[in-house]
Amino acid sequence: MSFARRAIASIIRKPGKTLILLVIIFVLGNIIAGAVSIRQAATNAQVLLRTKMSPVVSLGFDNEKYAALWEQNPALEIEDIALETLEKIGVSPYVKYFDYSAKVIGISLSSGFSSSSEDPTLPGISFINAIGVNNPEIVDLKEGLIQLVSGRVFTEQEIKNLTYVALIPQEMAEKNNLSVGSVIPFECGFDTEAEKPRTFDFEIIGIYRAKIMEGEFRDGIYAPNRALNEMNEMANNEVLKDPNVTESDYQSILETFKIYYTTLFILNDPTDLNAFREEVATLLPAYYTVTVASNSLEKSAAPLQSIREIVTLVLCVAVVAAVLTMSLLITLFLRDRRQEIGIYLSLGERKFKVAGQILVEIAVIALMAITLSLFTGNLLSGAISEQMLTDQMAADQANVGQYSPGDYAYRYQGATATEQLAESYTTSLDTTIVLLFYIIGFVTVCVSVLLPIFYITRLNPKKILMGGELEL
């Protein structure tokens, strides 16, 4: 009888020991299968996240650099980034989408209208966050932060020319019974001659719903930069009509209510970030820098990397534990089979064939246990890893540095990254996971059999049959 047939017969003849070994390998296999499945899922999610998620950056003021320059020259004045420079950076080959937004202070809904941002301490006044746009396609719409419910986006002519048109949030439209084509009045500044707030009538060309934005940007209005700038300039000019305002006071007011722009650049690929930094560095004033939004690939993938490190450690510990446990268990089983092995050896069977029989026995049992644990381990890993990912994302989100609420890239923090990360992460059995698990499983089994095989090679058939043990 060949050693392979003897191995099958031994498995059938000793169901108790077969079952014990099967259960142990099955339990250890579940741990290994779960770790392999989670690790591969995290790896796949990182790759998928790269295709879904482009880096979000803006141009910000570098206080540390400015402080260092100011020490050398206390008369140093802050230089604004010219719009021509922004436009030049915006056409970089590394940029997928680009826009800049005028920041205007003091816009509110006219009396009789309401929004979700009403201040209870100022009844009847609803201050509105205005999001100036220069890109008629609206980057937030392209990137999925908002969804157009009705109407349309801006045209090139509406952006370039002075036109008072706007997209408003769905909640504001429903509260005020507005629709596309309606006119909604906004107040900015004070009309001295009429002795009342200056009103600007905007035509509603679109209504949107915020999908994943949080905070003040959920109910902001989108309007062309030029229209917002005109509102701000007219409000500032009203100050000159006040005889009590001196020229120095006026200059101070202009500085306070100065129009400035926040920028937004969506890059094509995370690997473009360093090249984009180098390209931009030659165009920006010395104290400006590229600021990476908190949903960049590195920060968004941090929970995945943490999970990979944890499960890699678990996988290594599980493999070592499996090798030690199975080696000792197989060695104990073989000690009970000394007489059987002694008979094989005394009849002239070569030791490598006896070792081959043992290897076949373990391999057959391991194949059944590994196959079963592949499916159960994957099911368990799905539930466990999703909770791990949720906890890790919550912990990382709590440690994320915050943008200024006025920054254009502010609304790209957290929510976008979290949603895309959750969508990208799934545990499922694919060819890579199955092959990887079987390779790790059988390598573990083969290593586990090394000690028992060494035990067999030290056996002397004569001493075994006479009741002896090992030949030392």
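Note that this is a predicted model, so its numbers are computed, not measured.
- Distance check, rounded to the nearest 0.5 Å: CD1 of Ile81 to CD1 of Ile89 gives 6.5 Å.
- Looking at Phe154 and Asn135, their side chains never come closer than 4.5 Å, going by heavy atoms from C-beta outward.
- In this structure, Phe202 has its ring center under 6.0 Å from that of Tyr164.
- Although no hydrogens or angles enter the test, the distance criterion places a donor-acceptor pair under 3.5 Å between the side chain of Ser92 and the main chain of Tyr94.
- Looking at Asp99, its side chain never comes within 3.5 Å of a backbone N or O of Ile138 through a donor-acceptor pair.
- For the 3.5 Å distance criterion, the side chains of Thr376 and Asn30 qualify, holding a donor opposite an acceptor.
- Judged by distance alone, with hydrogens and angles left aside, the side-chain atoms of Ser182 form a donor-acceptor pair with the main-chain N or O of Ser179 at under 3.5 Å.
- Residues Tyr438 and Leu374 have side chains in contact (heavy-atom distance under 4.5 Å, counting atoms from C-beta outward).
- Here the side chains of Ile207 and Leu167 are not in contact, with every heavy-atom distance at 4.5 Å or above.
- No side-chain donor-acceptor contact under 3.5 Å links Arg198 to the backbone of Glu187.
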- Would Ile266 and Val95 satisfy side chain to side chain contact (heavy atoms under 4.5 Å, CB included), going step by step from the backbone distance to the final call? CA-CA 6 Å; Ile266 310 291; Val95 175; over 6 Å; no
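- For the residue pair Ser150/Tyr208, the side-chain donor-acceptor check at 3.5 Å is not satisfied.
- For the atom pair CE (Met231) and CG (Leu162), the distance works out to 11.0 Å, reported to the nearest 0.5 Å.
- Closest approach of Pro185 to Thr199, counting heavy atoms only: CB-CG2, 3.5 Å.
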- Task: For Phe276 and Phe265, run ring-ring contact (aromatic ring centres under 6.0 Å, His included): C-alpha distance rounded to whole Å, both residues' side-chain angles, the deciding distance at 0.1 Å, then the answer.
- Result: CA-CA 10 Å; Phe276 179 74; Phe265 299 87; 5.7 Å; yes
- Let me see the working for Leu273 and Leu267 under side chain to side chain contact (heavy atoms under 4.5 Å, CB included), right down to the final yes or no. CA-CA 7 Å; Leu273 182 57; Leu267 304 188; 3.9 Å; yes
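- Salt bridge status for Glu158 with Arg152: present, with a side-chain N to carboxylate O gap under 4.0 Å.
- Two residues are said to be in side-chain contact when any heavy atoms from C-beta on lie closer than 4.5 Å; Val183 and Ile204 fail this criterion.
- Separating the CZ atom in Phe26 from the CG atom in Leu19 is a distance of 11.5 Å, to the nearest 0.5 Å.
- Closest non-hydrogen pair, Val180 versus Ile205, comes out as CG1-O, 3.8 Å.
- Below 30°, between 30° and 60°, or above 60°: for Tyr100 and Phe98 the angle between ring planes is between 30° and 60°, a tilted geometry.
- Around atom CG of Asn177, no more than 12 heavy atoms belonging to other residues, nucleotides or ligands sit under 6.0 Å away.
- Contact of the Thr289 side chain with the Leu284 side chain is not registered, since no non-hydrogen atoms from C-beta on lie closer than 4.5 Å.
- Between Leu228 and Gly132, the shortest heavy-atom distance links the atoms CD1-CA, 3.5 Å.
- Smallest separation of non-hydrogen atoms from Ala322 and Leu28: CA-CD1, 3.5 Å.
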- Task: Applying side chain to side chain contact (heavy atoms under 4.5 Å, CB included), run through Thr262 and Leu59 and close with a yes or a no.
- Result: CA-CA 8 Å; Thr262 59; Leu59 305 179; over 6 Å; no
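- Ile159 has its side chain within reach of Asn134: a pair of non-hydrogen atoms, C-beta onward, lies under 4.5 Å apart.
- Gly151 and Leu148 get closest at one heavy-atom pair: O-CD2, 3.5 Å.
- A donor-acceptor pair shorter than 3.5 Å can be found between the side chains of Asn229 and Tyr261.
- Separation of atoms CD1 (Ile146) and CD1 (Ile131) is listed at 7.5 Å; rounding is to 0.5 Å.
- Counting only distance, with no hydrogens or angles, the side chain of Ser373 and the backbone of Ile370 share a donor-acceptor pair below 3.5 Å.
- Separation of atoms CZ (Phe186) and CD1 (Ile168) is listed at 7.0 Å; rounding is to 0.5 Å.
- Shortest non-hydrogen contact noted between Lys160 and Arg226 is O-NH1, 2.8 Å.
- For Arg209 and Gln170, the side-chain atoms include no donor-acceptor pair closer than 3.5 Å.
- Counting heavy atoms from C-beta outward, Ile184 and Met172 have side chains that approach closer than 4.5 Å.
- Between the Thr444 side chain and the Ile440 main chain, a donor and an acceptor come within less than 3.5 Å of each other.
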- Tyr97 and Leu264: CA distance, side-chain angles, deciding distance, side chain to side chain contact (heavy atoms under 4.5 Å, CB included) verdict: CA-CA 8 Å; Tyr97 298 124; Leu264 175 68; over 6 Å; no
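- Side chain of Asn161 to backbone of Thr163: no donor-acceptor contact under 3.5 angstrom is found.
- The distance from atom OG of Ser448 to atom CD1 of Ile25, rounded to the nearest 0.5 Å, is 8.0 Å.
- Contact of the Thr291 side chain with the Val57 side chain is not registered, since no non-hydrogen atoms from C-beta on lie closer than 4.5 Å.
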- Query: Can you check salt bridge (charged side-chain N to carboxylate O under 4.0 Å, His left out) on Lys88 and Glu279, steps first, answer last?
  - Reply: CA-CA 11 Å; Lys88 187 174 181 179; Glu279 181 183 75; over 6 Å; no
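- Salt bridge annotation for Lys96-Glu143: present, with a cationic side-chain nitrogen under 4.0 angstrom from a carboxylate oxygen.
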